*Asks:* 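First the structure, then my questions, so here it is.
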Number of protein chains: 2
Amino acid sequence: MSIAKRRLSPEESRGMALAAARDLLIETGPQSVTLKAVAGRIGRTHANLLHHFGSASGLQKALAAYLSDEVCGMIAQAIQKSRTGEGSVRDIVDLTFDAFDKQGGAALWSWMMLTGNEDALDPIVDAIHALVDDIGEAGHDDREKHDDTLALVLMALGDALIGDRLSGSLGLPRDSARDMAERQLADALERWKCEHES
Amino acid sequence: MSIAKRRLSPEESRGMALAAARDLLIETGPQSVTLKAVAGRIGRTHANLLHHFGSASGLQKALAAYLSDEVCGMIAQAIQKSRTGEGSVRDIVDLTFDAFDKQGGAALWSWMMLTGNEDALDPIVDAIHALVDDIGEAGHDDREKHDDTLALVLMALGDALIGDRLSGSLGLPRDSARDMAERQLADALERWKCEHES
DNA sequence: AGGGCTGCTTACATAAATGTCAATAGCGAA
DNA sequence: TTCGCTATTGACATTTATGTAAGCAGCCCT
């Protein structure tokens, strides 16, 4: 067997590196997303990542865009299900919470806040904006819609960061935050509906 | 005038260093809380901080305890006001949100999550627990009480992290998250009251 | 006033992250 | 098969954060 290294296309290399960086970010936090650590995960050297991404901050920006795409994809799913009417309120809540938790949205957002790289978050904000504009029936008060969406997103982010710890301490089941969010969103939808009929 | 440095007591030095570290944490994030940066703020050297705190992680632990005390103090205020009945619902919401935002609770929590130093958060979690046990009238369902408190804290943390950015994007006033939380908490208190009477 | 305790500093050492550059070596194309 | 392009690497250099050790210098105490 050859000890020689397979030569990957730039797209392959970047894709593998970003996936590894994403896993590192979710598993052990932003601190551990270094050139050396990411390179080690894909059997390359840190100089290789510099070749493909130009700089460490280049890798960070690419990772932010990559994660934004994933999170936006999940939100787009929520929009689709909501439109066709096959999605339950709980589905929307779960998708939103998962986007921040399992998909690494919370870790990304925290990281960007820490590094002062807030511009990288624009795509996610835009996607959330689109979700708000499309969800539920049209024609009711935008202000209320935005308020309820804001509450949902804030709870999803908070839950991803400290939900595990806090709910455990309060003796609540792990998904009680999702239950709360589901209840509040259901109330909001009902409220919107009534206003629309009246 | 003498260029000689005034000699501070260990308590003074530690106090000044922790205040400087807290400001740095809130202003520019956990990354910038380094021995050199903190020392520079109080006109000392990084070796001085090592002398007083033993190590960088010693400073981190001390800062976590320091901020925990501040946050717990604010929560204790909320408990007092709630007990004597002079505190409005909005006061409780504002105190909670400020504890995470202006007091640096959110920055601290994010930092601890990133550095895997979650034990330092125990005091805050305990204080929140105490707040929950004391707030409102006694005798009603603990589960619901805990649920509503969880929602309040999660929204406060989320708002401190991304509230500014998200509410701006959605065209909402900056304090709309607090308005939402106030509404939800008022509903919850009303609900608890009714259950207690029935 | 003088001596000891210790806050404080300077100088040096170390480790990790980032970045540069020349050289090597796959892989497709002629 | 050979050639050229470029992905890849190893060996540097630099910066920053952390840590160590020895000496200087306030301040209290006698």
Side-chain angles (χ1 to χ4, degrees), chain A residues 1-21 23-25 27-64 111-112 114-117 120, chain B residues 1-25 27-64 107 111-112 114-117 120:
Chain A
M1 40 187 166
S2 77
I3 46 171
K5 208 136 248 174
R6 195 166 95 81
R7 188 190 172 100
L8 302 176
S9 75
E11 294 73 29
E12 278 176 320
S13 253
R14 285 177 60 100
M16 290 180 60
L18 290 175
D23 292 343
L24 266 176
L25 175 65
E27 288 171 16
T28 50
Q31 283 190 330
S32 60
V33 184
T34 64
L35 295 175
K36 196 168 155 190
V38 174
R41 280 226 170 182
I42 59 174
R44 293 290 187 278
T45 63
H46 84 278
N48 185 14
L49 294 187
L50 286 172
H51 171 71
H52 285 295
F53 295 96
S55 66
S57 95
L59 171 62
Q60 291 176 10
K61 287 192 179 74
L63 177 58
W111 189 27
M112 293 297 109
L114 299 185
T115 56
N117 200 353
Chain B
M1 40 187 159
S2 77
I3 47 171
K5 211 136 245 175
R6 194 167 97 82
R7 188 191 171 103
L8 303 177
S9 74
E11 294 73 29
E12 279 176 320
S13 252
R14 285 179 60 101
M16 289 181 60
L18 289 176
R22 169 183 168 281
D23 292 343
L24 266 175
L25 175 65
E27 288 171 16
T28 50
Q31 283 190 332
S32 60
V33 184
T34 65
L35 296 176
K36 197 168 155 188
V38 174
R41 281 226 170 181
I42 59 175
R44 294 288 187 278
T45 64
H46 85 277
N48 185 14
L49 295 186
L50 286 172
H51 172 69
H52 285 295
F53 295 97
S55 66
S57 95
L59 172 63
Q60 291 177 9
K61 287 191 179 74
L63 177 58
W111 190 26
M112 293 297 110
L114 299 185
T115 57
N117 200 354

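Worth saying up front: this structure is predicted, and the values here are computed from it rather than measured.
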*Asks:* To the nearest 0.5 Å, what is the distance between CG (A/Leu25) and CG (A/Leu18)?
*Replies:*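 These two atoms lie 11.5 Å from each other.
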
*Asks:* Donor-acceptor pair, B/Ser55 side chain versus B/Gly58 backbone, under 3.5 Å?
*Replies:*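 Such a contact is found between B/Ser55 side chain and B/Gly58 backbone.
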
*Asks:* Please name all residues satisfying side chain to side chain contact (heavy atoms under 4.5 Å, CB included) with B/Ala19, sequence neighbours left out, ordered by chain then number.
*Replies:* B/Tyr66

*Asks:* For C/dA16, take OP1 and OP2 only and decide whether either is under 4.0 Å from a side-chain N or O of A/Thr34.
*Replies:* no

*Asks:* Measure the spacing between CG of A/Leu63 and CZ of A/Arg14 and express it to the nearest 0.5 Å.
*Replies:* 11.0 Å

*Asks:* Excluding sequence neighbours, so at least two apart, what forms side chain to side chain contact (heavy atoms under 4.5 Å, CB included) with B/Ala56?
*Replies:*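 Once residues adjacent in sequence are excluded, the partners of B/Ala56 under the side chain to side chain contact (heavy atoms under 4.5 Å, CB included) criterion are B/Leu35.
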
*Asks:* Minimum heavy-atom separation for B/Ser32 to B/Ala37, with atom names?
*Replies:*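 In terms of heavy atoms, the two residues are closest at O-CB, 3.4 Å.
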
*Asks:* Would you jot down, in residue-number order, the residues of residues 38-51 of chain A having a non-hydrogen atom under 4.0 Å from DNA chain C?
*Replies:*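 Of all residues in residues 38-51 of chain A, the ones placing a heavy atom under 4.0 Å from DNA chain C are A/His46, A/Leu50.
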
*Asks:* Could you identify which residues of residues 52-62 of chain B place a heavy atom less than 4.0 Å from some atom of DNA chain D, listed by residue number, or say none?
*Replies:* B/Ser55, B/Ala56

*Asks:* Check B/Ala107 against B/Pro30 and note the closest heavy-atom contact, atom names and distance.
*Replies:*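 Here B/Ala107 and B/Pro30 meet closest at O-CG, 4.2 Å.
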
*Asks:* In whole angstrom, what separates A/Gln31's CD from D/dT16's P?
*Replies:*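 Checked: the CD to P distance equals 18 Å.
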
*Asks:* Could you check how far NZ of A/Lys36 sits from C1' of C/dG19, rounded to whole Å?
*Replies:*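 About 15 Å, once rounded to whole Å.
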
*Asks:* Rounded off to whole Å, could you give me the CG-to-P distance for the B/Leu24 and D/dA17 pair?
*Replies:* 12 Å

*Asks:* Take the protein atom CD of A/Glu12 and the nucleotide atom P of D/dT6, then report the distance between them rounded to whole Å.
*Replies:* 17 Å

*Asks:* Just the atom pairs and distances: protein N or O near nucleotides 27-30 of chain C's N or O, under 3.5 Å.
*Replies:*
unit_1 : atom_1 : unit_2 : atom_2 : d
C/dC27 : OP1    : A/Arg7 : N      : 3.4

*Asks:* Using a 3.5 Å cut-off and no angle test, enumerate the donor-acceptor pairs between side-chain atoms of residues 38-48 of chain A and protein atoms at least two apart in sequence or in another chain.
*Replies:*
unit_1  : atom_1 : unit_2  : atom_2 : d
A/Arg41 : NH2    : A/Glu27 : OE1    : 2.6
A/Arg44 : NH2    : A/Arg6  : O      : 3.0
A/Thr45 : OG1    : A/Asn48 : N      : 3.4
A/Asn48 : OD1    : A/His52 : NE2    : 3.3

*Asks:* How far apart are the closest heavy atoms of A/Ala21 and A/Val33, and which atoms are they?
*Replies:* O-CG2, 4.0 Å

